[in-house]
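Working notes, beginning with the structure itself.
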Amino acid sequence: MELFWILVFSIIYPYARGQGVYAPANAKIVHEGQACVVKDDNISERIYTIREGDHLVLKCLVKGHPLPQVRWTKTAGSASDKFQETSIYNETLIIEGIQRVQGGRYYCKADNGVGVAAIKSIRVDVQYLDKPVLTVHQTISDVRGSYYQEKTVFLRCTVNSNPPARFIWKRGTIPIEQSKDQGVDIYEPLYTQGETKVLKLKNLRLKDFANYTCQVSVRNVCEIPDSSVTFLLTNGTTPPALRLSVNESLVVDPGKDVTLSCEVTAGLPKPTVTWSRYLNPLPRNSLVRNGTLELRSVTPADSGFYNCTAANNVGNPAKRNVNLLVRSMGNLTFQITPDSNKDSENIQMGRDLKLSCHVDAQPQDKVNYMWYQNEVLIYNSDSLIVLHSDPDMAPGTSSLEIVDMKFRDQATYSCVANFPGSTVPELRVDVNITQNSVTPPILTVPEGGQVVSVREGGTTDLVCLVDGKPRPPVLWSRADKDLAMPTGEWAVETRDGRLHLTNVTRDLMGAYRCQTAPYNGLNIKPRQAQVQLNVQYAPVLDPVFQDVRSPNYQFVTLRCIIQKSNPPRIASVRWTRNGEPLTSLTPHPQENPQLKFKLDPSNNGTYKCHVSNGVGSSTCTFNISSRPYNAEFYFDTPNPICNLKGNNFSYNLQWTQSEPAATDRIIGYWVNVRNNEKMNQMNLFSKQINTKEPVKGSLMSYILTDLKIPLSYEIRLAPITTYSTGDYVSRTIKYTEYHVCGFEDKHICGFSQDRGDNFDWTRQNHLTQNPKRSSNTGPEMDRSGTKEGCYMYIEASRPRVLGDTARLLSPLYNVTAARGPKGSGRLPYCISFFYHMKGKQIGTLDVWLRVKSIASVDTKVWSLIGNQGPDWNQANIIVNPSGPFQVVFQAIRGSGYEGDIAIDDVSVTRGKCKQENSVSNTVLIGEAPALCSHPLAASLTFALCSFLLLLYR
């Protein structure tokens, strides 16, 4: 058999922009992961069905020139937070171990700046089946003494699944049929989470005391097995009941061991007891054993509500709660409140005075306060009144009121806070009350401290001096109430009035308020002051980096924009080229620096503008060059290969030039070709080719000859001007022998779906078949009879209707000779394939020959209608194309769903068909990606190949 060689590519039409061949982006989503079923729904959207836990792989195949950028996004259904917040910039989207919440609609957006961006979507349907939960209930009105002695019982089975599950109830091993048992009802209740089926046992009979099984199934979708749960119903079945070993509120000292026991007092089957903690996990030092929760060496952090739950799936679970409080006491503060009725800020004889004491404690209401005067315990009297809970103060505050203060009331007062009978140490605060020992505070900012300047990243202190007796703490906050302090808090307490700031950043710049605290001193109107923090930083410049291209001997202007700076005054501006200072420039330092000069081959290089404001220096960097921009390879050539004599071939290399007018005139290109399969990878040749001056968007080409089949080549291309050479860009060309396509490869040998039909062909094998498919149509296995072997088929089930058409297009095949041997006319080709057409509602399978010329010409070359039996059959077709051609397999849906049509092992060979075509699973993966061109280009390329062929001969 004579082999022939092809390049796999696709064709789209170009977008006309001036004289250009720029083509807008085009996209298509294909799957490569562990899909169960991929099909179209009734709005022509692809649905990708996958089992939970499998790997999702979606690839966005894009076309267009320049090559589009791809972005993945998602809507519909909940996805992982990471994927919702960010877009995925990659042609391939991979989600390993996909979860049900990640189902939904995924969008692929391809954009290359030409025309409108292409957007395609695919809906991902994640399939799963959880373990069912079976619970037993009886209405309250039916309870008579023991739980189940008579009346009605409800067995409720609930499961979460996708697709919806099918329920089967069994008594023992026998399925329950409602139509054959008057004592049962099976129904679906309203307003329930998940899928639920209820088995109602009416007026319990003796035979109703038995094992009941709820079996759920998703009909083996995605090979998900059935699941079931069993419950034994007896006349002793009862719901759970609990009893706690402690009170519902338990207060303990820190460091103690705590044991919480939950005793099951009723329940059959035997309930399972679990412990949990409200809003938090159980402490690390906890141990749960036989319904008992043990907490070792508890701390205040272990406080909270602990929940004990007993469940046996009968009735509602029994629950008991314990509020555990571990004693603790924190900061103890005091307040001195002069006579509030007189608006006084000083202690005065003959007026009232209040001393208050507060401790942050847990439990707050269990704190005991005691007041002492000169170490003597104070009892209530006409002049001294103790308030254990002062209603005018914060909860848990105790106050001592001194009524009509006398000389004898000047003393040292002590407040002691403790937990009676506890090992928690008591706290004590002493306050000396005399006319001279208590004076109002004075808050001042030291001279020169109203504005504090610091360099970004440095350390500084903001200072507010406070004086008074007793001296209160100073609270610092931002003057802008919407801004928090650097610690994240809204206020920071300082004992000495100094706020220490480290690693200062510019966002901390602004006014800071200091004020006296209302505690540990006089409880009067706070004193306030402000300090301004000034953060100094180096100038912020634009651009940070810019690539500038220009023709030689033209003026170039470089501008360095000062966006902001602190201090704003610029101290110096310095320009350098390739590290060397440019001394001849004297720009005004307070303006945005700019540099203007005439570019020539001697002054290309890296220019930097260094701007300093005395605090720091920043730089604008400009890469100035007269070198041309890179070329952009054109991937859309419809017929780039031309077979020559023997194993030689030529390749039509095409490209466009980026921004050709930006630099000196481009006079040609360097083309380097090297063989990738040679160890030393030496260049086969390096050649300068001369071209006309490129126009933006114009397509240029060069035919590479004397390439060997099936070697791989790296092609490197760089533009040339009179003064310089641009950077090289490279691509790889690799040709592989193509024989028979068994559709084993995910690229399906370069075949593609027609965009103008109603639905697509589907690649499938025995392992990926839909378990719900009809057994009366479609093949069980591929033509070779293996479970792993793939084939292409059409799914005739809904939403397909009579007459719907699916077309599968082959790659474009080259005609390498105008006539057959001995002048026998056009060179013949053999199209060979296997087809499977089993089903009473089979439609039509047609084969068309699409010849590419100035216009495409389609000719039907083979057709078959109706049921052809359960076997794979072979068809051989001889065609005589007049030019490059494609083979089109067209399947037309019949009158019903039993009309699946499949094809396999397709080959196109040069020469007439033989009696026995050899079969191989060799698959061609051609030059990728092949994209778009104008129809005239195909004809033109073919003409060039024919011309070269004549020259070669």
Side-chain angles (χ1 to χ4, degrees), residues 1-4 6 8 10-11 638-639 738-743 748-758 761 783 791-794 803-821 824-837 842-868 872-894 901-919 924 935 938-939 942:
M1 176 179 293
E2 192 175 16
L3 305 178
F4 90 104
I6 69 165
V8 177
S10 301
I11 300 175
N639 193 17
Y738 177 80
H739 193 186
V740 176
C741 176
F743 303 108
I748 58 173
C749 317
F751 279 74
S752 61
Q753 308 283 355
D754 191 349
R755 296 179 181 274
D757 54 11
N758 302 113
W761 288 76
R783 206 277 304 181
Y791 54 87
M792 301 296 290
Y793 87 107
I794 65 160
D804 277 1
T805 301
R807 285 188 289 271
L808 187 67
L809 310 180
S810 77
L812 189 66
Y813 302 114
N814 295 282
V815 175
T816 58
R819 292 184 177 274
S824 58
R826 296 191 183 107
L827 183 68
Y829 286 84
C830 175
I831 304 172
S832 178
F833 65 95
F834 286 82
Y835 60 87
H836 191 282
M837 300 172 68
I842 289 289
T844 304
L845 177 61
D846 297 329
V847 179
W848 294 74
L849 184 69
R850 177 173 293 176
V851 178
K852 295 288 183 179
S853 184
I854 295 178
S856 297
V857 178
D858 290 357
T859 304
K860 185 187 293 188
V861 295
W862 186 90
S863 183
L864 196 61
I865 303 175
N867 184 9
Q868 303 299 319
W872 285 95
N873 301 298
Q874 186 175 20
N876 296 313
I877 310 166
I878 299 176
V879 295
N880 297 277
S882 60
F885 67 92
Q886 288 178 286
V887 179
V888 182
F889 290 92
Q890 174 179 279
I892 304 175
R893 199 258 197 187
I901 298 175
I903 60 173
D904 197 6
D905 289 348
V906 179
S907 66
V908 179
T909 54
R910 195 164 52 194
K912 294 184 177 181
C913 301
K914 298 181 180 180
Q915 289 290 334
E916 294 181 4
N917 284 50
S918 61
V919 177
L924 167 67
S939 168
F942 174 65

Straight-line distance of Met837 CE to Leu845 CG, nearest 0.5 Å:
5.5 Å
Got a sec, which residues hit side-chain contact (heavy atoms from CB on, under 4.5 Å) with Ile794, two or more places apart in sequence or on another chain?
Phe759, Trp761, Ala806, Ala891, Ile901
Who passes ring pair (Phe, Tyr, Trp, His ring centres under 6.0 Å) against Trp848, sequence neighbours left out?
none
Distance-minimising heavy-atom pair for Ser832 and Gln874:
OG-NE2, 3.0 Å
side-chain contact (heavy atoms from CB on, under 4.5 Å) between Asp904 and Tyr835, worked out
CA-CA 6 Å; Asp904 197 6; Tyr835 60 87; over 6 Å; no
Can you name the closest pair of heavy atoms from Gly742 and Asp905 and give their distance?
CA-OD1, 3.4 Å
For the ring pair Tyr791 and Phe834, is the centre-to-centre distance below 6.0 Å?
no
Where do Thr859 and Val857 land on the side-chain contact (heavy atoms from CB on, under 4.5 Å) test, with the steps shown first?
CA-CA 7 Å; Thr859 304; Val857 178; 4.3 Å; yes
Minimal heavy-atom distance between Ser863 and Thr844, with the atoms involved, is OG-CG2, 3.7 Å
Option among Val888, Ile878, Val887, Leu849 that satisfies the side chain to side chain contact (heavy atoms under 4.5 Å, CB included) test with Val861
Leu849
Kindly say whether Ser810 contributes a backbone atom to a donor-acceptor pair with the side chain of Gln886 at under 3.5 angstrom?
yes
I would like to know whether Ile842 and Gln868 meet side-chain contact (heavy atoms from CB on, under 4.5 Å); could you show each step before the answer?
CA-CA 9 Å; Ile842 289 289; Gln868 303 299 319; over 6 Å; no
Under the 3.5 angstrom rule, does the side chain of Asp757 hit a backbone N or O of Arg807 as a donor-acceptor pair?
yes
Taking atom CD1 of Ile903 and atom CE of Met792, what is their separation to the nearest 0.5 Å?
7.0 Å
Interatomic spacing from CZ in Phe885 to CG in Leu812 - rounded to 0.5 Å
8.5 Å
Please confirm whether Trp872 and Phe833 have ring centers closer than 6.0 angstrom.
no
With side chains defined as the heavy atoms from C-beta onward, is the minimum distance between Phe889 and Val847 less than 4.5 Å?
yes
Heavy-atom closest pair, residues Asn876 and Cys913:
CB-SG, 3.7 Å
Are Phe743 and Phe751, when compared by the centres of their aromatic rings, separated by less than 6.0 Å?
yes
Is it true that the side chains of Gln890 and Thr805 contain a donor and an acceptor less than 3.5 Å apart?
no
For a quick test of reading the model, state the closest non-hydrogen atom pair linking Cys830 to Lys912 and the distance between them.
CB-C, 4.1 Å
Decide yes or no on side-chain contact (heavy atoms from CB on, under 4.5 Å) for Asp754 and Leu808, but give the supporting numbers first.
CA-CA 6 Å; Asp754 191 349; Leu808 187 67; over 6 Å; no
